Amino acid sequence: MVDPLANPRAAIAKPGDRDPVHVTLPPALLRLFPKAEPEVTLAAGTISELVDRLDARWPGMRDRLVDSRPAIRQHINVFVEGRRARLDAQLSPGAKVFIITAVSGG
Amino acid sequence: MAETVLVLIGTKKGAFVMKSDATRRNWALQGPYCETWPIHHMIGDASTGAIYAGGGNEWFGPAVWRSGDLGANWTHSSEGLSYGEGEAPINAVWSLARRNGRLYAGVEPAGLFVSGDAGASWQPISGLREHPSREHWQPGGGGLILHSLVPHPDDDNQIWVGISTAGVFYSADGGETWTPRNKGTRCDFLPEEQRYPEFGQCVHCLVMAPGMPRRLYQQNHCGMYRSDDGGQSWVSIEEGLPSSFGFPAATHPRDAGTLFLIPLNGDIKGRYVPDGKAAVWRTRDAGRSWQALREGLPQENAFIGVLRQAMATDPLEPAGVYFGTSSGALFASADAGDSWSCIAEHLPAISSVETMVLDG
């Protein structure tokens, strides 16, 4: 069975779909997925769904953002409307989501 | 036919490739690759020209990278590199090996995976993690890492691995069941009466002699060893060496009695080459006697270390030998270690060195 949300064209909101949210991806992630766009609008009700939608567009992206526990990777931060969110966080229609790489390294 | 020699260099900040012809006199550096990820191990498949690089990134987790065009373009995947929900996530890939169309990956925390599609997806070889000793394995300085992967050259069912600090393990059934292979190797860090346990040894590097699959060598945290029975028993070969401590070991491409080691000054003395004088030590009689090879290597104020996967040989005649330092220098010998030159400096800290020789 085809998941309509796995189709990028279906990510634009339609009646019955999840509501669209706006996502900003970090530059370091974009370098791993050269075809990815820095700002994306897609339909998702939770952060986990959002990551699944990103993975459907750019296969492998979920593994880069989420570990096998499953949880958002330790040094990745996801902010929703300015507040840090977990994988199961609910998303309001039109929410602004920022995926950010933590400041780390040497 | 003209040959191209590639030295594959994994570093703390990306992968690099050095390229030369069969004379191995002039080298060109390419990279950094893999988006400057920490790359713990990098290997080549001379039959296809593919390069694989295993590592882990603090932000994005573990991956095996692949280039089919000698580094111009890369893909990455960690599909299937997981112990499953609720288990500790895998942080990084530490070792790679290929045999008969299969690609193996050793990871941290210690475990083994195999890919039948050139690294695009991975399946666990779960028997190793199910070994009853697993709950007692302790992480070393680099974590609980499976760093040495030694598949049998002719029998797909036989494989040896080295885990820090669990020791050497062997499987004769494709990885379903495993037995420790540490008899005769010491744990100087344990109380005196417990220094020869069944497992828990801090193996640093495990290699197989060419054309002689039952002969293994290992550099251990506590000594250098040879086994002539597939690891069922080990004998010390450290007499004649300046210390019992070091990380890498590399075999000659054709001579089962020749081994290269780089002893360091000890685990609590800085882990430099002894007296600040760099030397690769070579045996040609399976460890009964040793020769220090110093020509062309720095002999004054050289406070360098070499990590466990950072030495390799090439298959040419005479064999090339290469090692990379934690301070980012790459040394090469085109005469089996008799003389050396520095062919790259100012690289990031070097984690691994391997070679690939291509026709044309």
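Below, chains carry the letters A, B, ... as their sequence lines are ordered, and counting in each starts from 1. Worth saying up front: this structure is predicted, and the values here are computed from it rather than measured.
Among residues at least two apart or in separate chains, salt bridge (Lys or Arg N to Asp or Glu O under 4.0 Å) pairs with a member in residues 74-90 of chain A are A/R86-A/D88.
Scanning residues 82-89 of chain B against chain A with a 4.5 Å non-hydrogen threshold yields B/S82, B/G84, B/E85, B/G86, B/E87, B/A88, B/P89, sorted by number. Residue-level contacts of residues 108-119 of chain B with chain A do not occur; threshold 4.5 Å between heavy atoms.
Note that CZ of B/F60 is 9.5 Å distant from CZ of A/R73, once rounded to the nearest 0.5 Å.
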Pairs of donor and acceptor atoms involving the side chains of residues 23-38 of chain A, under 3.5 Å and at least two apart or interchain, shall be tabulated with distances.
residue: A/R31; atom: NE; partner: B/E35; partner atom: OE1; Å: 2.6
residue: A/R31; atom: NH2; partner: B/E35; partner atom: OE1; Å: 3.2

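Heavy atoms from other residues, nucleotides or ligands lying under 6.0 Å from CD of B/E79 number 12 at most. Summarising the local packing, CD of B/Q123 is surrounded by more than 12 heavy atoms from other residues, nucleotides or ligands at distances under 6.0 Å.
Annotation for B/P62 and A/R64: closest pair O-NH2, 2.5 Å, computed over non-hydrogen atoms.
Heavy atoms closer than 4.5 Å to chain A are found in the side chain of B/W37, but not in its backbone.
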